[in-house]
K.L.:
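Please read through the structure below; I'll follow up with questions.
It should be emphasised that the depicted structure is a prediction, and the values quoted were computed from it without experimental measurement. Nothing fancy with the numbering, it's 1 onward along the sequence.
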Amino acid sequence: MRTDYCGNINSSYIGQTVTLCGWVNRSRDLGGVIFLDLRDREGIVQVVFDPDLVDVFNTANSLRNEFCVQLSGEVRARPPGQVNKDMSTGEIEMLGKSLTILNKAAPLPLDWNQENSEEQRLKYRYLDLRRPLMSDRLKFRAKVTSTVRRYLENDGFLDIETPILTKATPEGARDYLVPSRTHKGQFFALPQSPQLFKQLLMMSGLDKYYQIVKCFRDEDLRADRQPEFTQIDIETTFLDADGVMAITEGLIRNLFQKMLSVDLGEFPSMTYADAMRRFGSDKPDLRNPLELTDIADLLKNVEFKVFSGPANDAKGRVAVIRVPGGAKLSRKQIDDYGKFVGIYGAKGLAWMKVNDLAAGMDGLQSPILKFLNEDVAKDILERSGAQSGDILLFGADNNTVVTEALGALRLKLGEDLGLLEGKWKPLWVVDFPMFEEFDGQFHALHHPFTAPRDMTPDELAANPAGALSNAYDMVLNGCELGGGSVRIHQQDMQAKVFSLLGISEEEAEVKFGFLLEALKFGAPPHAGLAFGLDRLVMLMTGATSIRDVMAFPKTNTAACPLTNAPGEANPEQLKELSIQTVISSTATPSKVD
């Protein structure tokens with residue numbers, strides 16, 4: 001029905017007759033000549049209809065936005081002074097000689113010129129995706145996946161599918177369950193990741209696996225989360241952490257070079273402990289120059305208990321952020337930042353303006369100065385590197401509160417004050433703790449199949465709180481692009497980790513018996529990493545939500561306005577599955593408890 005895409009027509013076509021299909025992007029009558037912008041996925045071309053061709057002109061005059069049409073015409077150079085350098089087709093136009101309306105469009109429920117609600121955009125997603133911004137993002141995503149596949153396959157990786165109907169695995173979120181008709185009262189789970197299957201593939205001797213795969217997690221949503229999302233999943237045998245990091249760093253560097261002509265350079269590496277100490281985050285945005293500086297040792301003997309209390313507590317922390325030029329902040333702005341850190345449990349935000357460093361105490365301005373002697377104030381200024389015109393913002397509480405509050409404040413200050421430097425700042429974060437401890441119980445920081453770094457099972461059991469995992473996260477601009485680890489490949493180590501996590505032998509057998517059985521038969525050392533494809537494309541395209549780089553995403557309540565999913569099931573289907581729904585008296589009819 002067409003000879004080419006609209007966006008491909010250029011000066012090399014001048015003098016040729018072409019046939020195009022697409023949608024009316026805009027139509028305007030300028031002094032008896034109709035100018036039509038025709039759009040398809042590759043771009044827009046301008047078509048001119050002359051009144052001398054009466055039938056064609058009359059048909060063109062009846063067109064409205066989003067009519068689907070086919071037209072033929074001669075390509076010609078635009079008149080001097082009318083070249084549009086912002087369009088790939090801006091040097092040419094078409095003289096329309098035939099026009100067929102393939103389908104009319106009803107009045108549009110979306111406004112092309114104004115912001116629409118996300119609910120409206122998702123309800124009419126097929127219209128929303130016609131917008132060049134959205135179609136360009138999906139085209140970009142397709143090229144990303146193609147580039148990833150070529151890179152990995154050239155390195156010997158095999159694309160292998162893993163099951164969608166499977167057994168629940170502990171990935172930190174709720175599972176989506178699928179009832180079985182043939183096994184009454186039993187359920188499959190949709191995979192939160194292919195974790196156990198990719199490990200089994202390594203035990204099968206397939207050596208290098210990858211998959212661009214759907215994952216499912218029933219968790220609270222936000223801008224970078226969806227109930228179903230896509231991973232670039234990678235697993236290898238006989239490679240250590242450095243080997244996996246080299247392959248995956250090469251993949252991302254190649255991707256940015258091919259897609260954006262950006263050279264990310266060598267990725268620096270930072271330990272988890274340093275990241276938390278300096279930036280208050282395990283995924284620090286290195287574009288932001290602000291850092292946290294610990295000063296508890298300087299404040300142990302001050303009379304101000306807000307500082308001296310945490311300073312003398314083994315679980316406390318006192319830290320400060322130096323904001324260059326921050327002395328210009330108003331009291332209202334400082335108070336607003338105090339309310340902001342309150343979100344993270346901080347009881348307040350102490351501050352000190354350095355109006356004139358050379359003037360000593362007389363050059364400082366702060367409500368806490370009366371609690372600090374000159375020596376302590378001087379030490380704080382030296383430790384923080386304060387200069388005239390700066391402001392110091394303090395956090396004092398238990399370690400978790402101070403780290404989270406100042407880490408979040410650092411990011412907010414960087415955005416508010418325009419402090420970000422550079423466009424792309426990648427980073428490896430390594431040496432994560434093996435476990436987190438809550439209420440006397442250990443929990444895996446990553447997942448229970450991550451190997452400890454340089455420890456035997458007995459050494460791990462002797463000091464689980466001090467154990468480091470052989471794990472690594474790739475971070476870009478404060479976002480975790482992907483994470484992975486060296487896996488446990490020995491049965492005694494896996495049993496020890498389960499034991500430390502409070503998983504009994506019986507429970508382990510029920511949940512992971514097939515994995516434990518496989519570990520008995522010469523399981524090789526293996527390691528891997530998974531990237532979040534949606535998040536990666538979001539960053540590369542400058543989108544603010546992963547929903548804007550997915551064709552048919554869900555809302556932040558995990559609903560689909562387009563199809564009205566989720567919906568009620570057919571009673572006969574539920575009967576076959578031996579499922580009975582109970583509607584609570586307080587729920588709306590669509591809610592099932």
Side-chain angles (χ1 to χ4, degrees), residues 1-79 82-117 120-140 548 551-552 562:
M1 295 181 68
R2 62 187 173 195
T3 56
D4 211 327
Y5 286 106
C6 297
N8 291 345
I9 307 302
N10 55 39
S11 57
S12 67
Y13 284 78
I14 291 175
Q16 297 182 33
T17 296
V18 298
T19 300
L20 303 176
C21 295
W23 288 267
V24 176
N25 193 67
R26 186 172 61 150
S27 179
R28 54 210 184 276
D29 187 338
L30 300 179
V33 177
I34 294 175
F35 289 84
L36 172 74
D37 289 344
L38 187 68
R39 185 193 72 244
D40 61 18
R41 78 170 202 191
E42 295 301 323
I44 295 174
V45 67
Q46 178 174 283
V47 185
V48 181
F49 293 96
D50 194 292
D52 292 343
L53 299 173
V54 177
D55 291 342
V56 176
F57 185 87
N58 289 338
T59 303
N61 198 40
S62 71
L63 298 178
R64 298 293 180 268
N65 286 2
E66 299 309 303
F67 274 35
C68 185
V69 302
Q70 179 194 51
L71 59 84
S72 296
E74 181 183 343
V75 181
R76 65 188 188 186
R78 288 201 189 192
Q82 295 185 19
V83 172
N84 186 343
K85 295 182 179 180
D86 295 329
M87 294 174 61
S88 62
T89 61
E91 294 182 347
I92 57 92
E93 63 184 14
M94 285 179 58
L95 176 62
K97 294 185 176 180
S98 70
L99 174 63
T100 302
I101 297 176
L102 300 175
N103 213 338
K104 296 181 179 180
L108 298 177
L110 295 182
D111 188 334
W112 250 236
N113 299 313
Q114 297 182 23
E115 291 292 327
N116 299 283
S117 71
Q120 283 291 97
R121 288 178 57 206
L122 295 184
K123 180 176 177 63
Y124 299 99
R125 190 62 162 181
Y126 44 86
L127 294 178
D128 189 44
L129 292 178
R130 289 185 193 174
R131 295 190 299 131
L133 175 66
M134 296 300 296
S135 60
D136 285 348
R137 285 172 176 167
L138 292 188
K139 286 161 54 183
F140 186 93
D548 284 337
F552 300 104
L562 175 66

K.L.:
For the residue pair Val75 and Tyr13, what are the closest heavy atoms and their distance?
P.N.:
CB-O, 3.4 Å
K.L.:
Consider side chain to side chain contact (heavy atoms under 4.5 Å, CB included). Of Asn10, Asn84, Val45, which one does Ile92 pass it with?
P.N.:
Val45
K.L.:
So with a 6.0 Å cut-off around CD of Glu91, is the heavy-atom count from everything else above 12?
P.N.:
no
K.L.:
Got a sec, which residues hit salt bridge (Lys or Arg N to Asp or Glu O under 4.0 Å) with Glu74, two or more places apart in sequence or on another chain?
P.N.:
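With sequence neighbours excluded, Glu74 shows a salt bridge (Lys or Arg N to Asp or Glu O under 4.0 Å) to Lys97, given in chain and number order.
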K.L.:
Give, for atom CG of Leu108 and atom CZ of Arg130, the distance between the pair rounded to the nearest 0.5 Å.
P.N.:
8.0 Å
K.L.:
Any idea which heavy atoms bring Val69 and Ile101 closest together, and the distance?
P.N.:
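Closest approach of Val69 to Ile101: CG1-CA, 4.2 Å.
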K.L.:
List in chain and number order the residues that pass side-chain hydrogen bond (donor to acceptor under 3.5 Å, both in side chains) with Ser88, two or more places apart in sequence or in another chain; answer none if no residue qualifies.
P.N.:
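Per chain and number, Ser88 pairs via side-chain hydrogen bond (donor to acceptor under 3.5 Å, both in side chains) with no residue.
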K.L.:
Would you tell me whether Tyr124 and Asn116 have side-chain atoms, one donor and one acceptor, within less than 3.5 Å of each other?
P.N.:
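Asn116 and Tyr124 do not have a side-chain donor-acceptor pair below 3.5 Å.
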K.L.:
Checking Arg125 now: which residues fulfil side-chain hydrogen bond (donor to acceptor under 3.5 Å, both in side chains) with it, not counting sequence neighbours?
P.N.:
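So Arg125 forms a side-chain hydrogen bond (donor to acceptor under 3.5 Å, both in side chains) with Asp128.
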K.L.:
For a quick test of reading the model, state the closest non-hydrogen atom pair linking Ser62 to Phe67 and the distance between them.
P.N.:
O-CE2, 3.8 Å
K.L.:
Below 4.5 Å, heavy atoms only, C-beta onward: do Thr3 and Gln16 meet side chain to side chain?
P.N.:
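No. Closest side-chain heavy atoms not under 4.5 Å.
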K.L.:
Got a second to check how far Cys68's SG is from Leu63's CG, nearest 0.5 Å?
P.N.:
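One gets 11.0 Å once the value is rounded to the nearest 0.5 Å.
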K.L.:
Who pairs with Arg78 by salt bridge (Lys or Arg N to Asp or Glu O under 4.0 Å), at least two apart in sequence or on another chain?
P.N.:
none
K.L.:
Where do Met87 and Ile44 come nearest, in terms of heavy atoms and distance?
P.N.:
CE-O, 3.4 Å
K.L.:
About how many Å separate CG of Asp37 and CD of Glu93, when rounded to the nearest 0.5 Å?
P.N.:
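Here the rounded value is 11.0 Å.
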K.L.:
Please tell me if the side chains of Leu133 and Arg137 come closer than 4.5 Å, counting only heavy atoms from C-beta onward.
P.N.:
yes
K.L.:
Name the atoms and distances for all side-chain donor-acceptor pairs under 3.5 Å in residues 20-33, with sequence neighbours left out.
P.N.:
{"unit_1": "Asn25", "atom_1": "OD1", "unit_2": "Arg39", "atom_2": "NH1", "d": "2.8"}
{"unit_1": "Arg28", "atom_1": "NH2", "unit_2": "Gln46", "atom_2": "OE1", "d": "3.4"}
{"unit_1": "Asp29", "atom_1": "OD1", "unit_2": "Gly32", "atom_2": "N", "d": "3.0"}

K.L.:
Output, in order, the C-alpha distance, side-chain angles, deciding distance and verdict of side-chain contact (heavy atoms from CB on, under 4.5 Å) for Val48 and Arg76.
P.N.:
CA-CA 10 Å; Val48 181; Arg76 65 188 188 186; 4.0 Å; yes
K.L.:
Indicate yes or no: at least one non-hydrogen side-chain atom of Ser11 is less than 4.5 angstrom from one of Ile14.
P.N.:
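Sidechains of Ile14 and Ser11: in contact.
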K.L.:
Looking at residues at least two apart in the chain, or sitting in another chain, which of them share a salt bridge (Lys or Arg N to Asp or Glu O under 4.0 Å) with Glu42?
P.N.:
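Checked Glu42 against salt bridge (Lys or Arg N to Asp or Glu O under 4.0 Å); matches are Lys139.
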K.L.:
Which atoms form the tightest heavy-atom contact between Ala105 and Glu66, and what is the distance?
P.N.:
CB-O, 3.4 Å
K.L.:
Do Met1 and Thr19 have side chains that approach each other closer than 4.5 Å (heavy atoms only, starting at C-beta)?
P.N.:
no
K.L.:
What's the shortest heavy-atom distance between Tyr126 and Leu562, and which atoms?
P.N.:
CE2-CD1, 3.6 Å
K.L.:
Just so I know, are the side chains of Ser98 and Gln70 near enough to count as touching, which here means a heavy-atom distance under 4.5 Å?
P.N.:
no
K.L.:
Would you say that Leu127 contacts Gln120 through its side chain, given a criterion of any heavy-atom pair below 4.5 Å between the two side chains?
P.N.:
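No, side chains not in contact.
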K.L.:
To the closest 0.5 Å, what do you measure between CG (Asn61) and CD1 (Ile34)?
P.N.:
4.0 Å
K.L.:
Among Leu53, Thr100, Leu99, which one satisfies side chain to side chain contact (heavy atoms under 4.5 Å, CB included) with Thr59?
P.N.:
Leu99
K.L.:
Does the side chain of Val18 come within less than 4.5 Å of Asp4's, by heavy atoms?
P.N.:
no
